[in-house]
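The structure presented is a predicted model; accordingly, all values stated were derived computationally and were not measured. Every heavy atom of this structure was used, including side-chain atoms; hydrogens, water molecules and symmetry mates were not.
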Amino acid sequence: MPLLLQSPTETIKLSLQQYYEEFLKILPRIALAILVIILGVLLAQMLTSFYKRRFQQKSEDPLMSKFLAQAVKVILIIITIMLALRVAGLDDIATGLLTAVGGGAIILGFAFQDIGKNFLAGIILAFNRPFNINDTIKVDDIFGKVKELSFRYSHIKTFDGRDIYIPNSDVLTKPVENYTADGFYRVDFTVGLGYEDDIDAAKKVIQDVLDNNKEIVRDGEHENFVIEDELAASTVNLKVFFWVDTVDYRRASRILRGMIIKEVKVALAERDFNLPSDVVELKLYKNSPDIPFKLNKGEEGKTSN
């Protein structure tokens, strides 16, 4: 009955001494476990970097290679931690940790539904997605180039320089317009001619501009044409359609389009086609003040307004 004669202070000291002795016994194993974790993390980093470089060299899908590299790294680190717990003799803790992670995943799934939803959407998009890196896409009103795919978001670089990170769940559930999936995109613009002009002759002039431009795509599947579109108030509007290569979307859809518009305008002006502006009618009602205006003389001395 010696323990019954010990004071509370002595009992606490004895317990602490026993814990300390037990700690000293397992200290080498804990140190070895820490060493295993350090070496495992370093090895995971090296293997991931090596895998990423080799996979990106052979893969045509940089987004997939980066995503898989991240997944491999996380799996290796988890394996390292579990192995370190076994080395330290903490098998019960490892088992409990796995159980806690499983239960915690359910709890966190309800608490952080958006994060879990984006994570699962990221995994789905990694294996089945409607775009690749540097594709030009539009999700809702966000328009730009794909730069990165991570577990939670897709990185889009807009053409005005903004970096937008779209949640993967939005990319997965909302319509995605891919402007560079097959490499072709049809551009159009409107030309307004005077009612007195020969429409067929004007269409031929515009068609010649399209046919003579080497950057415009023309083959059996992609036809470039001009068609009457509208009888407006002061013009007959023609619609010009032509196909471009969208590997460089900005060049094809913006710069080239502007060049074609300029060439069409110059070609029509050289052949004396009228490109009138909208006619504006001014009405003066009762008690309205007069509108002053000035008459200018033309080159031949004739007065014109």
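- Electrostatic pairing of K204 and D200 does not count as a salt bridge here, judged by no charged N lying under 4.0 Å from a carboxylate O.
- In this structure, the separation between CD1 on I137 and CZ on F131 is 5.0 Å, given to the nearest 0.5 Å.
- Counting only residues at least two apart or in different chains, salt bridge (charged side-chain N to carboxylate O under 4.0 Å, His left out) contacts with residues 226-238 comprise K203-E228.
- Between atom CD1 of residue I260 and atom CD1 of residue I206 there is a gap of 11.5 Å, rounded to the nearest 0.5 Å.
- Contacts classified as salt bridge (charged side-chain N to carboxylate O under 4.0 Å, His left out) and involving residues 154-174 (residues at least two apart or in different chains) are given here: D140-K174, K157-D163, D160-R162.
- V266 belongs to no multi-residue hydrophobic cluster, having no ILVMFWY side-chain contact under 4.5 Å with any other such residue.
- A donor-acceptor pair under 3.5 Å is absent between the side-chain atoms of D197 and the main chain of I199, judged by distance alone.
- Taking 4.5 Å as the limit, some side-chain heavy atom of V244 sits within range of a side-chain heavy atom of L256.
- Residues Y179 and F143 place their aromatic rings such that the two centres sit under 6.0 Å apart.
- With no hydrogens or angles considered, a side-chain donor-acceptor pair links K147 and N134 at under 3.5 Å.
- Remark: L172 CG to S154 OG distance equals 9.5 Å, nearest 0.5 Å.
- Put simply, the side chain of V171 reaches to within 4.5 Å of the side chain of V176, judged on heavy atoms.
- Using a 4.5 Å heavy-atom cutoff, the side chains of D135 and K145 are not in contact.
- Atom CZ of R186 and atom CD of E223 lie 10.0 Å apart (nearest 0.5 Å).
- Counting heavy atoms from C-beta outward, V191 and V264 have side chains that approach closer than 4.5 Å.
- Put simply, F184 and I255 are part of two different groups of oily side chains (I, L, V, M, F, W, Y) that touch within less than 4.5 Å, one to the next.
- Listed for the T180 side chain is a donor-acceptor partner under 3.5 Å among the backbone atoms of T136.
- When the side chains of ILVMFWY residues are joined at heavy-atom separations under 4.5 Å, either directly or via intervening members, Y195 and L275 end up in a single hydrophobic cluster.
- The shortest distance between side-chain heavy atoms of F242 and N213 does not fall below 4.5 Å.
- Taking the side chain as every heavy atom from C-beta outward, L43 and L76 never approach each other to under 4.5 Å.
- A donor-acceptor pair under 3.5 Å is absent between the side-chain atoms of N237 and the main chain of T190, judged by distance alone.
- Annotation: side chain of W243 is in contact with side chain of N224 (closest heavy-atom distance under 4.5 Å).
- The side chain to side chain contact (heavy atoms under 4.5 Å, CB included) search around A201 returns D198, F273, not counting sequence neighbours.
- Interatomic distance, L238 CG to Q207 CD, rounded to the nearest 0.5 Å: 11.5 Å.
- For residues 235-245, the pairs satisfying salt bridge (charged side-chain N to carboxylate O under 4.0 Å, His left out) are D188-K239, with sequence neighbours left out.
- Two residues are said to be in side-chain contact when any heavy atoms from C-beta on lie closer than 4.5 Å; V226 and L210 meet this criterion.
- Cluster annotation: L193 and L231 are assigned to the same hydrophobic cluster (Ile/Leu/Val/Met/Phe/Trp/Tyr, side-chain heavy-atom contacts under 4.5 Å, transitive).
- I164 contributes atom CD1, which lies 5.0 Å from atom OG1 of T158 (distance to the nearest 0.5 angstrom).
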Test log, rule side chain to side chain contact (heavy atoms under 4.5 Å, CB included), inputs I166 and Y153: CA-CA 5 Å; I166 308 176; Y153 58 78; over 6 Å; no

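- Applying the salt bridge (charged side-chain N to carboxylate O under 4.0 Å, His left out) criterion to K265, with sequence neighbours excluded, gives no partner residue.
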